[in-house]
2 protein chains.
Amino acid sequence: MNAALELAATTRSLASLGLREVARQAGLNPNTFYRHFKDFDDLGVAMLDELGAELRGGLRERRMRPAAKGFRLSDLSDPAEGLAQAQALARESVGLVLDFVMDHREAYIVGIRELHGTSPVMRKAMRDMLEGIAQDMTEDLLGVLKLPGVEHDELIEIARVIVRQMVFFSMDYLEEPSRQKQIKRDAERFILLLFWGAIAARQPGLLAQAGLKFPDV
Amino acid sequence: MNAALELAATTRSLASLGLREVARQAGLNPNTFYRHFKDFDDLGVAMLDELGAELRGGLRERRMRPAAKGFRLSDLSDPAEGLAQAQALARESVGLVLDFVMDHREAYIVGIRELHGTSPVMRKAMRDMLEGIAQDMTEDLLGVLKLPGVEHDELIEIARVIVRQMVFFSMDYLEEPSRQKQIKRDAERFILLLFWGAIAARQPGLLAQAGLKFPDV
DNA sequence: GCGCGGGGTATACAATCGTCTACCGGCACA
DNA sequence: TGTGCCGGTAGACGATTGTATACCCCGCGC
């Protein structure tokens, strides 16, 4: 698996790897590959299991860190408070994801490639992992902050959108080191815009005074 | 180019195509390839130029269609009116993109694959095209609707985010035909949430009454 | 009338590929 | 004490690949 990652980091595609190639890199006989994996998909899934678990676990853990925990408040009805928490949480989570991708540069790039890649198996595995992260995020958010009137079903939709958008932000972050601060800012802002929209959309009375009504899509 | 597209639609990756393979499919001699393209990147860019122009042009054209034009109002200061327009425009544009990807299924899938693919050249070409679409969208939006207080710089940020998110929505749309109505709804809702957030964030007086203030990121 | 170059072809080359069959050492376990 | 099997090896197979060299024909411009 290490050999495959090293090769993919330069060749930059798992599917395009030859099994002889990785065997050579690993200093093993080509046939030995079959002793461990039946497919290249098999290898890919195994790698994703490792790295994916690390990312997902890391995200959860860091969401529970002091910095985040400091914002844990019990049920609060003040929307402004909720928004302030959302901001802090967004900043924490964005920083965390971007740190992770910097720490696992090659693995991350290779992984993202598989997200729209050739193998249906890998595509599904990647999607499932992103979905899992979105689920985690929803759960954590529900526990940590109360966005007034925003329920689970709505929150997970938002979480999915955030996770997917972070794929792009992360790629930019890796590929344009000079713009990293700016990108981080944009990502945070994007998330807040969504929360802001979600809160406002569910507070009809709040904006009704101005003649505004969120369209019922 | 047709041969390459046909092959990529089944093999589903441009980079993984062999030049002998496409030559065979095209009924030509392998070496003939070199008479037209020096690289596979070269071929890819040529294909993207064709299809990309069609998508981009189609989008602009359909944004100017009667259905969209009906919503063209001159400078209006009523935010509610702006939001209603935004909704109609979002619906029109989403429908348009999703129609296009349905009409160019294979080409679209192949293209998206290159967005995070192996070749730096193709990646850049794809990014540039998406950026172009975002620019178009910004321009059109500025012409058609006035979101109070939302300026060009802010709008293009939103446009970029929308375009990228539509990449995912489109893939879902293609791969889960049974959920198409739902996906279309989600996409529209996502866009509205953004606009909603943008409007609200720029109307401090509007929500200040409720003690809300959009954080200054 | 001639040259030349653009599009197309034929053949050949060395590499690499995935897979098949067969062999082997060691460890677990009966 | 023996027997399986797990991880690793060796060699060979036919297929396919990218590219190099060389030949070809048609049409256009001088």
Side-chain angles (χ1 to χ4, degrees), chain A residues 1-51 53 106-107 109-111 113-114 116-126, chain B residues 1-51 53 106-107 109-111 113-114 116-126:
Chain A
M1 289 166 58
N2 290 338
L5 182 54
E6 288 163 21
L7 277 183
T10 62
T11 307
R12 299 188 78 173
S13 159
L14 265 190
S16 75
L17 255 57
L19 105 183
R20 284 187 115 106
E21 202 180 357
V22 301
R24 206 180 308 134
Q25 172 85 10
L28 291 179
N29 191 282
N31 283 320
T32 310
F33 179 89
Y34 292 120
R35 308 286 186 192
H36 303 266
F37 312 101
K38 76 181 235 294
D39 258 346
F40 254 66
D41 281 347
D42 207 12
L43 198 176
V45 171
M47 292 174 65
L48 181 56
D49 280 354
E50 266 196 9
L51 273 298
E106 315 83 6
I109 293 181
V110 172
R113 197 175 310 285
E114 300 303 320
H116 293 131
T118 304
S119 150
V121 178
M122 283 302 287
R123 282 207 303 274
K124 172 152 178 27
M126 283 298 288
Chain B
M1 289 165 58
N2 290 338
L5 182 53
E6 288 163 22
L7 277 183
T10 61
T11 307
R12 300 186 77 173
S13 160
L14 264 190
S16 75
L17 257 56
L19 104 182
R20 283 187 116 107
E21 203 180 355
V22 301
R24 206 180 308 133
Q25 171 86 9
L28 290 179
N29 191 283
N31 282 320
T32 310
F33 179 89
Y34 292 120
R35 308 285 185 192
H36 302 267
F37 312 100
K38 75 182 235 294
D39 258 346
F40 254 65
D41 281 347
D42 207 12
L43 198 177
V45 171
M47 292 174 65
L48 180 56
D49 279 355
E50 266 195 10
L51 272 298
E106 315 84 5
I109 293 181
V110 172
R113 197 176 309 285
E114 299 304 319
H116 294 128
T118 306
S119 150
V121 178
M122 284 301 287
R123 283 207 303 275
K124 172 151 179 31
M126 283 297 288

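Every chain is numbered from 1 and lettered A, B, ... according to where its sequence line falls, protein lines coming before strand lines. What you see is a predicted model; the values in this text were computed from it and never measured.
- For A:Leu14 against A:Gly44, the heavy-atom pair with the smallest separation is CD1-CA, 4.0 Å.
- Across every non-hydrogen atom of B:Ala46 and B:Phe37, the tightest pair is CB-CE2, 4.0 Å.
- When rounded to the nearest whole Å, the span between OH of A:Tyr34 and C1' of D:dT9 equals 15 Å.
- Applying the side chain to side chain donor-acceptor pair (under 3.5 Å) test to pairs two or more places apart or on separate chains, those with a residue in residues 19-40 of chain B are B:Glu6-B:Gln25.
- If you measure from atom CZ of B:Arg20 to atom C1' of D:dT19, you get 9 Å, rounded to the nearest angstrom.
- Summarising the geometry, the separation between CZ on B:Arg35 and P on D:dC25 is reported as 15 Å, rounded to the nearest angstrom.
- Interface residues of residues 25-33 of chain B facing DNA chain C, ordered by number: B:Leu28, B:Asn29, B:Asn31, B:Thr32; criterion, heavy-atom separation under 4.0 Å.
- In plain terms, the two heavy atoms of A:Leu5 and A:Val110 that are nearest each other are CD1-CG2, 4.3 Å.
- Boundaries of the chain B contact region on DNA chain C are C:dG7 to C:dA12, first to last in 5' to 3' order (nucleotide atom under 4.0 Å from a heavy atom).
- Taking all atoms of both residues into account, the shortest heavy-atom contact from A:Arg123 to A:Glu114 is CG-O, 3.5 Å.
- With rounding to the nearest 0.5 Å, the separation of CD in B:Glu106 from CG in B:Leu7 is 12.5 Å.
- Within the model, atoms CE of B:Met1 and CG of B:Asp49 stand 8.0 Å from one another, a figure rounded to the nearest 0.5 Å.
- Taking atom CG on B:Asp41 and atom P on D:dG18, their separation rounds to 14 Å, with Å as the unit.
- Within the 4.5 Å cutoff, no side-chain heavy atoms of A:Phe33 are placed close to those of A:Leu28.
- Phosphate proximity of D:dT17 to B:Arg24: present, with a side-chain N or O under 4.0 Å from OP1 or OP2.
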